[in-house]
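Worksheet: one structure, shown below.
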Amino acid sequence: MEIVILVVVVFVVLGVIGYFVGIYNGLIQVRNNIDKAWANIDVLLKQRHDELPKLIETCKGYMKYEQSLLEKITQARTAFMNAATIEDKTKAENQLAAGLKTLFAVSENYPDLKANQNFLQLQNRISGLENEIADRREFFNESVNGYNIRIQQFPDLILANNLGYTRRSMLEIPKEETQDVKVQF
């Protein structure tokens, strides 16, 4: 009889330990998914930042009067390259995205630029990267949301609090970028 009780106690203890190991492994997985999601965004942002100097050089000859716009894009690119945190990179990234939108809109005033093959290729390349970045931002936010939910749910929150896990911030788009675009014919 004592052996049966001892075996039951051992199984219960092993079951509890296994349960908490499962919780721990799940928390590690959701935390690492956030890091992976950001790394994927970072790769695309690096590709876009590598393309920007080419785009700017192509535009410079045509857009002599738009020098301030090109300088803003260059400054935003530099701010991104020097950013240390995800929040700083996101802020610089949002400034850069706004500058690129303006650049592509202003390029409509330069027929020779619009016909330039290099410009068109770079514009298409950067537009493609923008779409990929948007997809990856969505995945990042899904990962952060999953993580934030896990660390707030019982019993996961007990282990998460003991491990020092805290809420993570989602990537947010500035209010001015969510406004309707005015289209004039």
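It should be emphasised that the depicted structure is a prediction, and the values quoted were computed from it without experimental measurement.
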Without placing hydrogens or testing angles, list every side-chain donor-acceptor pair under 3.5 Å for residues 14-25, not counting sequence neighbours.
residue : atom : partner : partner atom : Å
Asn25   : ND2  : Val21   : O            : 3.4

Listed by chain and number, what are the side-chain contact (heavy atoms from CB on, under 4.5 Å) partners of [X], not counting sequence neighbours?
| X | value |
| --- | --- |
| Asn145 | Ile149, Met170 |
| Ser127 | Phe104, Gln123 |
| Glu51 | Lys54, Leu122, Arg125, Ile126, Leu129 |
| Gln29 | Asn33 |

[X]: what forms a salt bridge (charged side-chain N to carboxylate O under 4.0 Å, His left out) with it, not counting sequence neighbours?
| X | value |
| --- | --- |
| Lys46 | Asp50 |
| Asp88 | none |
| Glu130 | Arg48 |
| Lys89 | Asp42 |

Which ILVMFWY residues are connected to Ile3, directly or by a chain of links, through side-chain heavy atoms under 4.5 Å apart?
Val7, Phe11

Identified side chain to side chain contact (heavy atoms under 4.5 Å, CB included) counterpart of Ile34 within the set Val144, Asn148, Ile86
Val144

Using 0.5 Å steps for rounding, measure from the [atom1] atom of [X] to the [atom2] atom of [Y].
| X | Y | atom1 | atom2 | answer |
| --- | --- | --- | --- | --- |
| Leu171 | Thr90 | CG | OG1 | 4.5 Å |
| Ile133 | Leu45 | CD1 | CG | 4.5 Å |
| Ile41 | Asp135 | CD1 | CG | 10.5 Å |

Scan for ring pair (Phe, Tyr, Trp, His ring centres under 6.0 Å) pairs involving residues 25-54, sequence neighbours excluded, and state none if there are none.
Trp38-Phe140, His49-Phe80

Looking only at non-hydrogen atoms, find the nearest pair between Ala92 and Ala76 and report the distance.
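Closest pair (atom of Ala92, atom of Ala76, distance): CB-O, 4.0 Å.
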
Let me check something: do Met81 and Val43 share a hydrophobic cluster, defined by ILVMFWY side-chain heavy atoms less than 4.5 Å apart, either directly or through other members?
no

Without placing hydrogens or testing angles, list every side-chain donor-acceptor pair under 3.5 Å for residues 152-168, not counting sequence neighbours.
residue : atom : partner : partner atom : Å
Asp156  : OD2  : Arg150  : NE           : 2.5
Asp156  : OD2  : Arg150  : NH2          : 2.9
Asn161  : ND2  : Leu157  : O            : 3.2
Asn162  : ND2  : Ile158  : O            : 3.2
Tyr165  : OH   : Arg31   : NH1          : 3.2

